[in-house]
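All figures in this text were calculated on a predicted structure; none of them were measured in a lab. Counting starts at 1 for both ligands and their atoms, following the listed order.
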Amino acid sequence: MSHDTDVFIAGAGPVGLTLAMDLSARGVRTTTAEPRRFAEPPNVKCNHVSARSMEVFRRLGIAGALRDAGLPADYPNDVAFRTSVTGTEFARIPIPCRRDRYTDTSGPDGAWPTPEPPHRINQIYLEPILLRHAAALPGVTLHNRTQVVDFTQDDGGVSVALLDLDTGATRSVRTRFLVGCDGGGSTVRKRMGSRLEGTAVIQRVQSTFIRAPGLAALIRHPPAWGHYSVNPRRCGTVFAIDGRETWLIHNHLNADEPEFDSVDRDESIRQILGVDEQFEYEVISNEDWVGRRLVATRFRDHRVFIAGDAAHLWVPYAGYGMNAGIADAMNLSWHLAAHLRGWAGSAMLEAYERERQPITEQVSQFAMNHAQAMIKARGAVPARIEAPGADGDAIRAAAGRAAYELNVQQFCCAGLNFGYFYDGSPLIAYDGEPAPGYAMGSFTASTVPGCRAPHFWLRDGRSLYDALGCDYTLLRLQRDVEVEALVGAAHARGVPMALLELDGETLPPEYRHRLLICRPDQHVAWRGDDVPTDAMALVDRLRGATPA
Ligand SMILES: Cc1cc2nc3c(=O)[nH]c(=O)nc-3n(C[C@H](O)[C@H](O)[C@H](O)COP(=O)(O)OP(=O)(O)OC[C@H]3O[C@@H](n4cnc5c(N)ncnc54)[C@H](O)[C@@H]3O)c2cc1C
């Protein structure tokens, strides 16, 4: 049976769109079904695009367009801790505005080893940019108002059943692979028999998206992107969405407030903002959500995969659900492309679940632990945190130190960006040295196979990542090291491998070997001082043709 497409993607959220973009760059045809109308906005939820995701978007050619959107160019991305949004400020995590993002290195994430620092932009601005870019790419077909309702698969491919939401008509499409990027309620996940497991409810949050043109004028401190409102009556977080008049308010319900409507929404908003009953605002939408920690039992069933929220859901501390989903997409994309181009071994398709599932489990634990620490902190707000004078100042100073220490690791989460490593992958040639551990806010750069290749700038001003090939890249740190046997073995197996000469470059100290192979997703696949005697065995390992 012939195939209508190579990869069918259920869902044009940020993860599905990123997958479509990267597959297009690899010459793979995709078809995407999305129930929303073209450019119909998503929920106003995600605000943080990680450095790692921006590195991906840089490679896909849209980092600039994303960086130019969101908050006004000079609007600080700081996080402020106050007694209410209009109250007294007692701590601030400095994060540069997007105008200064590449040059201001003074803040806690300013000196990160990346060509693309993090970016703050709400999903309602992010998605239209991804969508328009993806829709214009070669090989990308998008069907709006279309829902995946079922699938069946056999050795040759997958038949996907689609429902046209406008006409009610159903039809079937034949594809080589199906990827469910269809969000938390994923039909694909359910139909493939995978279950979400973990903690179903950590926290209920009553969230409201408002328009309040008068709020900014009442704030007595410099603008901030994120605001923690800390007082004994009602704690909440507030995010600036357009940097002018729209705000997203999260009212974190307490354990004795089990329903979204357990507390008066308007009264809570006024407590969090610190405004009286005369203050006017308009509710744009209610965005209530449950903080969870759930990871799917399986990410793959033969030719069917799930990625993003379809595969994992966790409470958005550190703002990492979408970012982890983008990392899923970038991992799966080149595995599928390698298979379709005919150079992958059978373990290539196994690698996605074996590499990504443990990472999402780790990130989910970091996020849940942070959620529990925040629940504890909200239950221990000093009664006199709003007191005037020296007494109140001392209480606020202590609270500010604690709030900064606890939260800098989530807003500047270096470990989540750069620290994770693929352990036990069938595609990586390990050499016995253990990868360094990481925490949410910290990591140790390393070239241990499985780690992200430490970033550095080349003499000609390019980022290392800009110089890497689309597939594997062999980094040669000394020009006289013989590499012909390895390049020849890759060629013989049809594995694309570019050679990057780094002799004379100033490299970080982690680069201790004379040779290193970087994967398409910038993780280290192998390192050594010389090409191994059996170069073909190494190439077979990288392409998933060696039993793990
Ligand atoms: C309050 C809040 C704040 C957050 N902040 C951040 C943050 O700062 N950073 C971050 O990284 N993450 C954040 N997240 C998480 C982030 O919003 C999600 O992880 C992200 O949207 C997941 O993207 P996705 O593409 O996997 O799924 P979704 O965004 O849910 O997209 C799924 C798509 O699939 C479509 N779909 C559904 N069913 C079907 C079907 N049967 N067939 C075809 N298509 C279908 C949907 O219409 C939708 O377009 C936050 C979440 C919340 C609740």
Flag, side chain of H119 to backbone of L66, donor-acceptor distance under 3.5 Å: yes

What residue pairs, at least two apart or across chains, pass side-chain hydrogen bond (donor to acceptor under 3.5 Å, both in side chains) with a residue in residues 109-118? E55-T114, R58-E116, R67-E116, R101-D109, Y102-E116

Proximity winner for atom 38 (N) of ligand 1, if only heavy atoms of N122, T32, D182, V315 are counted: D182

What's the shortest distance from atom 3 (C) of ligand 1 to any protein heavy atom, and which residue and atom give it? K45 O, 3.3 Å

Please classify the P42 to ligand 1 contact at 4.0 Å (heavy-atom distances, strictly less than): side chain, backbone, both or neither. neither

Any idea which protein heavy atom is nearest atom 5 (N) of ligand 1, and the distance to it? C46 CA, 3.2 Å

Which bit of H250 is near ligand 1, meaning a heavy atom under 4.0 Å away: side chain, backbone, both or neither? side chain

For atom 31 (O) of ligand 1, the closest protein heavy atom turns out to be G13 CA, 3.6 Å

Return the orientation label for the Y228 and F411 ring planes: parallel under 30°, perpendicular over 60°, tilted otherwise. perpendicular

Checking heavy atoms under 4.0 Å, the part of T187 that sits near ligand 1 is side chain

Is the side chain of R303 donor-acceptor paired with the backbone N or O of V158 at a distance under 3.5 Å, no angle test? no

Measuring from the heavy atoms of G325, does anything fall under 4.0 Å of ligand 1? no

If you count the atoms of ligand 1 from 1 in the order shown, which ones are under 4.0 Å from a heavy atom of G11? 33 (C), 34 (O), 35 (C), 43 (C), 44 (N)

Go through R298 and E197 one step at a time and tell me if the salt bridge (charged side-chain N to carboxylate O under 4.0 Å, His left out) criterion holds. CA-CA 10 Å; R298 291 157 65 206; E197 282 189 352; over 6 Å; no

Of all residues at least two apart in sequence or in a different chain, which pass the salt bridge (Lys or Arg N to Asp or Glu O under 4.0 Å) check with E353? none

Heavy-atom contacts with A33 under 4.0 Å: which atoms of ligand 1 show up? List them by number with element. 43 (C), 44 (N)

Salt bridge between R378 and E257, side-chain N to carboxylate O under 4.0 Å? no

So which protein heavy atom does atom 41 (N) of ligand 1 come closest to, and at what separation? V148 O, 3.0 Å

Give the ring-plane orientation class for Y465 versus H455, where under 30° counts as parallel, over 60° as perpendicular and anything between as tilted. perpendicular

Return the closest protein heavy atom for atom 49 (O) of ligand 1 as residue, atom name and distance. E34 OE1, 2.6 Å

Among all protein heavy atoms in this structure, tell me which lies nearest to atom 50 (C) of ligand 1, with the distance rounded to 0.1 Å. P316 CB, 3.7 Å

Starting at CG of D4, measure out to OG1 of T175 and round the result to the nearest 0.5 Å. 8.0 Å

Which protein non-hydrogen atom lies closest to atom 15 (C) of ligand 1, naming both residue and atom, and how far is it? M322 N, 3.9 Å

Both conditions, 6.0 Å and 45 degrees, for the charged tip of R356 above the ring of Y420: are they met here? yes

Per-atom contacts, ligand 1 versus G183 - under 4.0 Å to a heavy atom: 27 (O), 30 (O), 32 (C)

Ligand-side contact atoms (ligand 1) for residue partner C181, heavy atom cut-off under 4.0 Å: 32 (C), 33 (C), 34 (O)

Among V149, D309, V15, the residue with a heavy atom nearest to atom 19 (O) of ligand 1 is D309

Salt bridge or not between R120 and D78? Use side-chain N to carboxylate O under 4.0 Å. no

Contacting atoms of ligand 1, where contact means under 4.0 angstrom from a heavy atom of G321: 10 (C), 11 (O), 12 (N), 19 (O)

At a non-hydrogen distance cut-off of under 4.0 Å, which region of P14 contacts ligand 1 (side chain, backbone, both, or neither)? both

Evaluation steps, salt bridge (charged side-chain N to carboxylate O under 4.0 Å, His left out), between D154 and R174: CA-CA 11 Å; D154 51 52; R174 184 79 176 159; 2.8 Å; yes

How close does the nearest protein non-hydrogen atom get to atom 9 (N) of ligand 1, and which residue and atom is it? G319 O, 2.9 Å

Can an N or O of Q123 be found at a distance shorter than 3.5 Å from an N or O of ligand 1? yes

Considering only NZ, NE, NH1 and NH2 on the basic side and carboxylate oxygens on the acidic side, decide whether R59 and D22 come within less than 4.0 Å. yes

G308 neighbourhood, listing ligand 1 atoms whose heavy-atom distance to it stays under 4.0 Å: 26 (O)

